[in-house]
J.: 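For reference, the structure I am asking about is given below.
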Amino acid sequence: MNTLRIPITRIGDEGCYFEEHVRVTSIQPSDAKAVAVETATIAGNFERLGAEFLFRGHITGVYEGACVRCLEAAQAPFDVDVAWVFAEGPAAVFEEIGHALETGSDDLADNAHDTDAPRTFQGHDINLAPYVWEEVVFAQPSRFLCHEECAGLCPRCGTNRNYGACKCVNEDNEEPVGNHGLAALADMFPELAPKKTKE
Ligand SMILES: [Zn+2]
Ligand SMILES: [Zn+2]
């Protein structure tokens, strides 16, 4: 059962509060790539606007992935504000977005996402699932960091530097890239150094 489906009869003149916690796989279209988040919570208020409906609220959850520096588990919480107007109409937008994401066409996805045009519902229920899915996909981080200061892995021995220094550290300090390294080279090969004033 789709718990993100709300009967419009539930939205009275005073509006109504809506809150649901869903498994993201339960709202994932069958042809869409999975997103790295297990559950999402949606909470907000529905209001009636004549024949249309306004939902204002937010979607929260936590993406999980591997830190780009140290490869350990990393989390990225999200909290997206949404304001959606729903009007009765054909279910076209979601199909287009699903297609755009599959084919990697950013233009169509961006256009569909940014539009202020009303979302649609059919019959007597508003189905939030496609729109929640859309937000969860768009809010995905492009990369994960376990924390801002992650020291990463040693490129030589692979030691996770967040847990302590490896034996390569001293060697690294002696060969930094830049002027100091060039000075060290000059010491090792004095004949290559710029000629000083002749004695
Ligand atoms: Zn890390
Ligand atoms: Zn090392």
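Given the structure is predicted, the values throughout are model-derived calculations rather than measurements. Both counts, for ligands and for their atoms, begin at 1 and track the order of listing.
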J.: Quick one: the SG of Cys154, the Zn ion (ligand 2), SG of Cys166 angle, rounded to 10°, please.
T.: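 Once rounded, the angle between the two atoms at the Zn ion (ligand 2) is 110°.
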J.: Answer with yes or no whether the side chains of Asp81 and His58 bring together a donor and an acceptor at under 3.5 Å.
T.: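 There is no such pair between these side chains.
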J.: So with a 6.0 Å cut-off around CD of Gln140, is the heavy-atom count from everything else above 12?
T.: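 Yes, because the 6.0 Å sphere around CD of Gln140 holds more than 12 heavy atoms from other groups.
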J.: Compute the angle centred on the Zn ion (ligand 1) spanning SG of Cys146 and SG of Cys150, and express it rounded to 10 degrees.
T.: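 Between SG of Cys146 and SG of Cys150, at the Zn ion (ligand 1), the angle is about 100°.
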J.: Are Tyr131 and Phe55, when compared by the centres of their aromatic rings, separated by less than 6.0 Å?
T.: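 That pair fails the under 6.0 Å test.
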J.: Decide, counting backbone as well as side-chain atoms, whether His147 has an N, O or S atom less than 2.8 Å from the Zn ion (ligand 1).
T.: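 It does not: His147 brings no N, O or S atom closer than 2.8 Å to the Zn ion (ligand 1).
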J.: If the Zn ion (ligand 2) is the vertex, what is the angle to SG of Cys157 and SG of Cys168, rounded to 10 degrees?
T.: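 About 110°, to the nearest ten degrees.
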J.: If every non-hydrogen atom of Ala73 is compared with every non-hydrogen atom of Cys146, which pair is closest and at what distance?
T.: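 It is O-CB, 4.1 Å.
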